[in-house]
Amino acid sequence: MEGTYDFEAVERKWQRRWEEAALYAVRAGDSAEKYYCLEMFPYTSGELHMGHLRNYSIGDVLARYWRMQGRTVLHPIGWDAFGLPAENAAIERKIHPADWTWGNIRAMRKQLQRFGFSYDWSREIATCDPSYYQWTQWLFLLLYDRDLAYRAKAPVNWCPRCRTVLANEQVEAGRCWRCDGEVELRELDQWFFRITAYADRLLEDLDRLDGWPERVKVMQRNWIGRSEGVEIDFRLEGSDTLLSVFTTRHDTVYGATYLVLAPEHPAMGEILTRSPVADRVRQFCDRVMRERAIRNESPEPLSKEGVDTGLRAVNPLNGERIPIWVGNYVVMEYGTGAVMGVPAHDQRDLEFARQYGLPVRVVIQNPERSLRAEEMTEAYTAPGTMVNSGPFDGLPSDVGQERVAAYLEEKGLGRRRVQYRLRDWLVSRQRYWGAPIPLMYCDRCGIVKVPIKELPVLLPQDVDFTPGGRSPLERHEGFVNTTCPRCGGSARRETDTMDCFVCSSWYFLRYISPHEEEAPFSRQQASYWMPVDQYVGGVEHAVGHLLYARFIVKVLHDAGYLPVDEPFHRLLTQGMVVLGGAKMSKSRGNVVTPDEMVRKYGADTARLFVLFAAPPERDLEWSDRGVEGAWRFLNRVWRLVRTKSEEWAGGTEGRIPEVVDPDSPAGELRRRLHQTIRRVTRDIEHRQQFNTAVAAIMELVNDLYAHLDVRDVPMAVWKECLDALCLMLAPFVPHLAEELWEMLGHEGSVHQAKWPEYDPQVARAPQVTVVVQVDGKTRDRLEVDAEVEEQELLALVLHRPRVAKFLQGRRVLRTVHVPGRLINLVTAGDDRPNE
RNA sequence: GCCGGGGUGGCGGAACUGGCAGACGCAAGGGACUUAAAAUCCCUUGUCCCCGUUGGGACGUGCGGGUUCGAUUCCCGCCCCCGGCACCA
């Protein structure tokens, strides 16, 4: 008889049975409570990596657990299938992007199935499938109709390597998220989604997302970057042109000693015609803009540079004439592209002022220590008392802030304003492998929508992928030329495709009714299934995907398609899988693939290891030894069940005796079992800490082994323990659990059995270990009745020699008793009179 | 700079609401089984000190303080690591 089980045969056997029985197919039920368990769907790169294995193993534990708890569980999977790598494959390897993608899907589907995840495969979707992207296009038109999609010329991030534009969320430290190449700024006509219109709601509703990790919420808050301030209208001297500035420190407006404009500022034309040093200013602007175009953002801020235009602006509050400068530290994308320089109370302004010898004027006085403008090397940014501020003198700065704002609004010199860091979402891409934007340009009618009935706008197959400056679609006459549905004249199609994040911003809704032909999803089904109860995925999507999906759901909610306005109730962001402390990558050569693991140890071992080696949120250090440990454990379980089930082969009926003495080995075993059930249930359900759940099961198995040779444990008790053991293992190692469940004589799938319940009476220990401390130091421990009273316990304790030893020459002042845990004797020495 | 998260044995990590620090696993050492090895099963394993032994004691959760009968856990000040944001006015 072998000492290890044949994982290959076992896993193949049960995967086939599950498939035949369509065990994980689900329909909206009306009686059972639903549970929508979702993991971030994979990009169709062609291979599954350890991150996927971890992601999907976590999701599968939850899906299987809740199914056993009686919920109606929706657990779908699909493919994020549009995107650049497919097109690059076409260019490099002369494969059509569609063939490449569908081939990858086939391979990855096989890999996923090999791991035995409990997906409802009848709901599989792919974003590159016309029956899917038809509805992505529908979504675009919905946003267009609601004035949330617009076309604008704007400086946008351009990746020269990928030959396309990128959203702000796809630029990381000035580099492209995909190819890591440097990103340039280009002035282009592009399609945007007006996500800024939802900025406030996206921000406020974060407070409702109790089931989200704090750090993701913080990242979204930072990204949205709301700040309240005032726009103040300075006037260009000798002109009616207003130079408005945005500031959050309007209480310091009397301290403005100059004004700085961004080089791209719209008033620059007028300034250049009037400036006595126009040439210098022009040269400066050109240089700064050129430098910015090659956005090689170093981590260090650029040194501040500027040039005096020789012109003046008028401060609307005190009528003061202050010089207008152009500076490289002012950006056009934020606020108004102009700032007032208040060197005394802003560090950047102070640096700039000192560099160019501009005056510094204190207008907020530090109540602690009087500020002197000439001596300042650090701006004073804390609250204080207003000075040199005309009618506002003497006010605390926070009050002054209110007054200045009110005054400006009253006189029509400015207005309160909320400013966001968040920009609109750039969704155009100049590439082929994406969902075409369903619009056309008619000479007579302008921009015209493709009628919903005519969707999808299909991607043509026969396209020339040779790299060029523009989208391959643009060179496809058959695609571009079309007829205007409004006037019947000739029209040209939009050739930009959509950012693949548009596709992934609603895919969780398509799973709900994936075969629906009349709509992106059934409203009725969506109101049953939404929101997603548990979303699992990597934290790298914190400000991209997760923000977009929230935005799109709010739009659909507002348009009446969804009852909910947040997509994901709980979010679990799992850590990376690392080896030697570094992320696995081909270039580092430290990659271990899930396929290798399955081949060597099987799916159950691989899954168990990734769940056991670290808590889900933390990074997981890969360890081949650790995998072996998981494999050993599973065999240990298998041998145990096999031994016992053979022992009672032929008849094991028998009941657990009505009364099992809690002090007998059988009673002890049952107690450990019920304690384990309590721990495992809590760890999965409330703490989502699967490593400790597995550890608890391992402890139970160790206990069962320790009782293997104990004679007077009734078979029925063994049966109870082993049954529950299988049930608890089922979410983690679904194949082996089935096999053992069958060995134990059960009919039907363990995954359709009920999760075990613990009996608090059985779990309760009649005797407990109480720790005895003297002055907070542990000196002894003793077994006592769980219910023991303090007085009785104290009497016992005082007679213990180990305790008495430490009480010599001291008297007990008081005792602290934590029932069932500890008793602490607080003493004072007799030899120290003052105590 | 600001905001999050983290720092515990040789390693991955436990410790619920302030109550036995180091569960579970890995590694290491020892024993049983075996002709032998592998596999398996059992035991030991934070550091230091005292003791011939049974045993006993001190220290110990990044560092320094504090609160408390008692602190990995709470508070104050610092150091280091990871992540996010950053001329954002």
Side-chain angles (χ1 to χ4, degrees), chain A residues 2-4 172-173 213-223 225 227 229 245-250 252 260 262 297 299-304 327-331 333-342 346-349 351-352 419-421 539-540 542-543 575-576 581 609 612-615 617-630 632-633 635-636 639 679 682-683 686-687 689 691-702 705-706 708-709 769-778 780-781 802 805 813-818 820-827:
Chain A
E2 294 293 320
T4 59
E172 295 157 0
E214 193 55 36
R215 65 172 171 151
V216 174
K217 291 194 277 187
V218 167
M219 281 163 79
Q220 293 210 351
R221 279 189 200 107
N222 283 344
W223 192 259
S227 55
V245 301
F246 176 75
T247 178
T248 53
R249 289 301 306 273
H250 34 287
T252 66
V260 198
E297 279 176 25
E300 298 301 312
L302 295 165
S303 64
K304 290 178 186 38
N328 67 345
Y329 75 103
V330 178
V331 295
E333 295 85 36
Y334 188 82
T336 60
V339 301
M340 58 180 197
V342 186
D346 182 288
Q347 189 57 32
R348 292 158 306 181
D349 295 344
E351 283 167 33
F352 192 76
Q419 176 71 37
Y420 299 95
R421 207 193 73 98
V539 74
E540 66 273 18
V543 289
M576 285 189 303
F609 172 73
F612 174 65
E617 303 254 1
R618 260 208 250 179
D619 284 353
L620 183 155
E621 176 70 32
W622 187 266
S623 153
D624 288 338
R625 302 279 204 184
V627 179
E628 279 173 47
R632 274 200 293 267
F633 169 71
N635 281 300
R636 199 165 142 84
R639 282 190 302 269
R679 278 174 69 188
R682 191 196 55 198
D683 284 353
H686 299 289
R687 310 203 311 156
Q689 203 166 287
N691 56 329
T692 49
V694 173
I697 297 173
M698 287 174 166
E699 282 184 67
L700 176 66
V701 171
N702 290 344
Y705 264 86
L708 217 43
D709 298 324
T769 308
V770 170
V771 169
V772 187
Q773 296 185 337
V774 179
D775 294 321
K777 296 200 177 204
T778 303
D780 199 4
R781 50 198 60 169
R802 282 151 162 265
K805 184 170 139 191
L813 291 179
R814 67 181 176 113
T815 58
V816 180
H817 182 219
V818 183
R821 278 193 184 274
L822 145 162
I823 184 158
N824 187 12
L825 311 179
V826 186
T827 69

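Quick note: numbers below take in every heavy atom, side chains included, and nothing from hydrogens, waters or symmetry partners. Letters go in sequence order (proteins before strands), and every chain restarts at 1.
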Say whether A:Arg421 and A:Asn222, considering side chains only, have a donor N or O and an acceptor N or O under 3.5 Å apart.
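A:Arg421 vs A:Asn222: no donor-acceptor pair found between side chains.
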
Syn versus anti for B:G9, judged by chi lying within 90° of 0?
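Base orientation relative to the sugar is syn.
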
Candidates B:A86, B:G4, B:A89 - which lies nearest the side chain of A:Val218:
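The nucleotide sitting nearest to the side chain is B:G4.
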
From the set B:A27, B:G7, B:C88, return the single nucleotide nearest to any side-chain atom of A:Arg625.
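Nearest nucleotide to the side chain: B:A27.
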
Whole-Å distance between [N] [atom2] and [X] [atom1]?
| X | N | atom1 | atom2 | value |
| --- | --- | --- | --- | --- |
| A:Asn702 | B:C43 | CG | P | 9 Å |
| A:Tyr329 | B:A86 | OH | C1' | 16 Å |
| A:Met698 | B:A14 | CE | C1' | 13 Å |

Could you walk me through whether A:Asp346 and A:Arg348 pass the salt bridge (charged side-chain N to carboxylate O under 4.0 Å, His left out) check?
CA-CA 6 Å; A:Asp346 182 288; A:Arg348 292 158 306 181; 2.7 Å; yes

Under 4.0 Å, heavy atoms only, any strand: does [X] hit a base, just the sugar-phosphate, or nothing?
| X | value |
| --- | --- |
| A:Val330 | base |
| A:Thr336 | nothing |
| A:Tyr705 | sugar-phosphate |

Any N/O pairs under 3.5 Å between the protein and nucleotides 16-23 of chain B? List them or say none.
{"unit_1": "B:C16", "atom_1": "O2", "unit_2": "A:Arg682", "atom_2": "NH1", "d": "3.2"}
{"unit_1": "B:G19", "atom_1": "N2", "unit_2": "A:Gln773", "atom_2": "OE1", "d": "3.4"}
{"unit_1": "B:C20", "atom_1": "O2", "unit_2": "A:Arg781", "atom_2": "NH1", "d": "3.0"}
{"unit_1": "B:A23", "atom_1": "O2'", "unit_2": "A:Glu699", "atom_2": "OE1", "d": "3.3"}
{"unit_1": "B:A23", "atom_1": "O2'", "unit_2": "A:Glu699", "atom_2": "OE2", "d": "2.9"}

Secondary-structure string, 5' to 3', Watson-Crick or G-U under 3.5 Å, | for another-strand partners, for RNA chain B:
(((((((..(((......[....))).(((((.......))))).(((((....)))))..(((((..]....))))))))))))....

